Protein chains: 2
Amino acid sequence: MGKPATGAAARAKPGVGKSVVGTPIVGKSTVGKPAAAARQGRPKTANRLKRIEAKHAAILDAALALFSRYGLHGTTVEEIARTAGVSKTNLFYYFASKEDVYVGVLSRLLDLWLEPLREFQLDSDPIEGIREFIRRKMLFSRAHPEASRLFCLEMVQGAPLLRGELETSLKALVDSKVPVIEAWVAAGKLAPVDPHHLIFALWATTQHYADFASQIDALLKTGLDDDRFVEEATRNVQRIVLDGLRVRNEG
Amino acid sequence: MGKPATGAAARAKPGVGKSVVGTPIVGKSTVGKPAAAARQGRPKTANRLKRIEAKHAAILDAALALFSRYGLHGTTVEEIARTAGVSKTNLFYYFASKEDVYVGVLSRLLDLWLEPLREFQLDSDPIEGIREFIRRKMLFSRAHPEASRLFCLEMVQGAPLLRGELETSLKALVDSKVPVIEAWVAAGKLAPVDPHHLIFALWATTQHYADFASQIDALLKTGLDDDRFVEEATRNVQRIVLDGLRVRNEG
DNA sequence: GTCTATAGTCGGATAGAC
DNA sequence: GTCTATCCGACTATAGAC
């Protein structure tokens, strides 16, 4: 007997039904494991595991592409399966539910998204470090525009799934960078600015190119596909953030 | 006989069914008019029209709140109706379909969203003009966070409905500002920067506070509700964009 | 104009053969 | 592990009484 409880009803009445959405990602290791295969049947050879992983990844890839374009409720399991090259029934062999797929996608996503921030190591020269961070973020936006957009979608909608991770992983990461930035400001190596707002500005300006790609395309008929455009965008963001718009009198 | 063709199927097969999504907003005046009332039955008194408009607006307000949180497919007509304080059937008396409601919301939205840009009149002093623009944008983000988020949702998902408007209204508006900015740069009143990327940076940094509110809340436990936070955010964005992060030696 | 009842269909999830 | 067939709840939209 199916217990769909799909769509609005599922989120409107949290706690009712088995809805996974709303449950923060805690044990990432259990997420994304095959639904039936998880409770193993027979000893798996390395080959078996590899084929399973490949299929698994194919489904997640397909799901990312669709979820980022149409959202969770705008995407059907049928479409995900077709895009991944598997049958709908087969997809349900690997994932317990549609939301299980969604959680799997988001889980991979967050690690990916946090990467540039983790490498935010502004060593000796903060100016050079920020310039490099912007460059990396822009490259990330170009390499993973769908990931950036799905992340944005989640944020805009309140990130019920990621909230837990944001308050732990992300916050810890941000908190670790704040004193560094503060020290630079104190040492006169950086103009006086609040570390958090600085980080927000860096995120906003760089992700904008992936998240608002359709707007940019409508205006300029170009975007992150064009290497020249990426270069130009990177240069301009670096200039604005580092030097500002006010004309300088010094060299 | 209902022909729902809702959800994924509707957008996956454009042209099939009566799906409105995908049709650019052309005649805004016809959008948002009562479905049945549009083809008038009897002469409407001023009072009648006023009550109709009020109900109409209530539905659109409720829809904006829900669409911005859960997206088009994550929101049910039933919820919109309940939130607006009308029955579902009654909602269908005023709007031909769910997508008709959605189009109505987006239509109102774009006008609202374009407003700050329209007033981007950087008169004599560009620095003062940009500072003021940032302030206005931040106030807009605070006053209409839901509008900002729904706009963002649409953009991220490819803006099938707004594309036409973006390529006309928005583009015309942006195009009219570009030569002004270029002239300032040429006159040495502004650091050398590409006008489009400047505009993108202004949009990105200011809207970020509405669109990523949940992230900011997870990190700082505050947001646009707090006047002090809004002030601080405004000040920091202005400082970063206008003066940059590099330490200045001059006064 | 507003309501009750319901038609029609979509899409998530399962059963069970192979 | 994969497939065919199917179930069934949720949701959009309409019919028709009042």
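In the text below, chain A, chain B and the rest are named by the order of the sequence lines, each starting its count at 1. The structure presented is a predicted model; accordingly, all values stated were derived computationally and were not measured.
Residue B:Phe92 contributes atom CZ, which lies 13 Å from atom P of D:dA15 at whole-angstrom precision. Atom CD1 of A:Ile59 is separated from atom P of C:dG12 by 14 Å (rounded to the nearest Å). The separation between A:Glu99 atom CD and C:dG11 atom P is 16 Å, rounded to whole Å. B:Glu78 places its CD atom 13 Å from the P atom of D:dA13, with the value rounded to the nearest Å. As rounded to whole Å, 8 Å separates atom P of D:dA13 from atom NZ of B:Lys98. Separating the NE2 atom of B:His73 from the P atom of C:dT9 is a distance of 19 Å, rounded to the nearest angstrom. A straight line from CD of A:Glu79 to C1' of C:dG12 spans 13 Å, rounded to a whole angstrom. For the pair B:Asp100 CG and D:dT12 C1', the computed distance is 14 Å after rounding to whole Å.
Partners of B:Thr168 according to the side chain to side chain contact (heavy atoms under 4.5 Å, CB included) rule, which considers only residues two or more places apart in sequence or in another chain, do not exist here. Annotation: side chain to side chain contact (heavy atoms under 4.5 Å, CB included) contacts of A:Val230 (sequence neighbours excluded): A:Arg142, A:Leu224, A:Thr234. Among residues two or more places apart in sequence or in another chain, the side chain to side chain contact (heavy atoms under 4.5 Å, CB included) test is passed with A:His144 by A:Leu112, A:Phe140, A:Ala147. Applying the side chain to side chain contact (heavy atoms under 4.5 Å, CB included) criterion to A:Asp226, with sequence neighbours excluded, gives A:Thr222, A:Arg228, A:Phe229.
With respect to B:Ser148, the side chain to side chain contact (heavy atoms under 4.5 Å, CB included) criterion is satisfied by exactly one of B:Leu153, B:Asp211, B:Thr206: B:Asp211.
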Can you check nucleotides 2-5 of chain C for protein contacts, nitrogen or oxygen pairs under 3.5 Å, and list what you find?
{"unit_1": "C:dT2", "atom_1": "OP1", "unit_2": "B:Lys55", "atom_2": "NZ", "d": "2.8"}
{"unit_1": "C:dT2", "atom_1": "OP2", "unit_2": "B:Lys55", "atom_2": "NZ", "d": "3.1"}
{"unit_1": "C:dT2", "atom_1": "OP2", "unit_2": "B:Asn90", "atom_2": "OD1", "d": "3.3"}
{"unit_1": "C:dT2", "atom_1": "OP2", "unit_2": "B:Asn90", "atom_2": "ND2", "d": "2.9"}
{"unit_1": "C:dT2", "atom_1": "OP2", "unit_2": "B:Tyr94", "atom_2": "OH", "d": "3.0"}
{"unit_1": "C:dC3", "atom_1": "OP2", "unit_2": "B:Ser87", "atom_2": "OG", "d": "2.4"}
{"unit_1": "C:dT4", "atom_1": "O4", "unit_2": "B:Thr89", "atom_2": "OG1", "d": "3.1"}

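Counting only residues at least two apart or on different chains, the ring pair (Phe, Tyr, Trp, His ring centres under 6.0 Å) pairs with a member in residues 149-176 of chain A are A:Trp113-A:Phe151.
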